[in-house]
Amino acid sequence: MSFSEKCYAVLRKVPRGKVTTYGEIARAVGVLGGARAVGNAMNKNPYAPEVPCHRVICSDGKIGGFATGSAKKVKMLEKENVEVRNWKVDLEKHKFILRR
DNA sequence: CATATGACACTAT
DNA sequence: AATAGTGCCATAT
């Protein structure tokens, strides 16, 4: 199973209304400092929307990127009741803790 | 095998 | 608090 496949597997566990970060996912799959690599995987994500890649944001709460435009990402999150203010999300409120 | 790339993260200003 | 550097890792060339 490739690195990206593992990322999709973990991300699959993130529930609606919650989010996680690139770095967290990297950690979850056992690759510290692999946040950037996770971004690459998300960028390709062949399992959308089965795999909620829009629930992955930056460690500082900023939205981060999205293949079809960050604006779309924000909309989707808001539809799931995730509050986004000035391109930022309150991690304390919406961050989903991944098992390590 | 060597380099370049990108949806990041951390530290020091 | 906001910004600039620098490091990082899987993939693609």
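Each chain gets a letter, A, B and so on, in the order the sequences are listed, and its residues count up from 1. The analysis underlying the following values was restricted to heavy atoms, covering all of them including side chains, and did not include hydrogens, waters or symmetry mates.
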Counting only heavy atoms and a strict 4.0 angstrom limit, can you tell me which residues of residues 85-93 of chain A come near DNA chain C?
A:Lys88
Evaluate the criterion side chain to side chain contact (heavy atoms under 4.5 Å, CB included) for residue pair A:Val14 and A:Val19; output intermediate values, then yes/no.
CA-CA 7 Å; A:Val14 180; A:Val19 300; 5.8 Å; no
Whether A:Tyr8 and A:Tyr47 hold their rings parallel, tilted or perpendicular, with breakpoints at 30° and 60°:
tilted
Value for CD1 (A:Ile57) from OG1 (A:Thr20), rounded to nearest 0.5 Å, stands at 8.0 Å
Using the side chain to side chain donor-acceptor pair (under 3.5 Å) rule, collect all pairs that involve residues 31-46 of chain A, keeping only residues at least two apart or in two chains.
none
Interface with DNA chain B, restricted to residues 57-70 of chain A and to heavy atoms under 4.0 Å
A:Cys58, A:Ser59, A:Gly65, A:Phe66, A:Ala67
Spacing between A:Glu5 atom CD and C:dT11 atom C1', to the nearest angstrom
14 Å
Backbone N or O of A:Lys62 within a donor-acceptor pair of the A:Asp60 side chain at under 3.5 Å?
yes
Between A:Gly34 and A:Phe3, which heavy-atom pair has the shortest distance, and what is it?
O-CZ, 4.2 Å
Sorted by chain and residue number, the salt bridge (charged side-chain N to carboxylate O under 4.0 Å, His left out) partners of A:Glu80 (sequence neighbours excluded) come out as A:Arg55
Mind listing the residues from residues 38-45 of chain A sitting with a heavy atom below 4.0 Å of DNA chain B? Number order is fine.
A:Gly39, A:Asn40, A:Met42, A:Asn43
In chain order, what residues pass the side-chain contact (heavy atoms from CB on, under 4.5 Å) check against A:Lys93, with sequence neighbours excluded?
A:Glu83, A:Asp90
Closest approach of A:Val10 to A:Ala28 (non-hydrogen atoms, all atoms of both residues)
CG1-CB, 3.8 Å
Nearest to side-chain heavy atoms of A:Lys73, which nucleotide of B:dA7, C:dC8, C:dT11
B:dA7
If only atom types and distance count, is the side chain of A:Lys73 paired as donor or acceptor with the main-chain N or O of A:Gly65 below 3.5 Å?
yes
Within this structure, what is the CZ-CG distance for the pair A:Arg16 and A:Leu77, rounded to the nearest 0.5 Å?
11.0 Å
Separation of C:dC9 atom P from A:Lys6 atom NZ, nearest Å, is 15 Å
Using whole Å, report how far OH of A:Tyr8 lies from C1' of C:dT11.
11 Å
Hey, does A:Tyr22 reach any base, or is it just sugar-phosphate, or nothing, if we go heavy atoms under 4.0 Å?
base
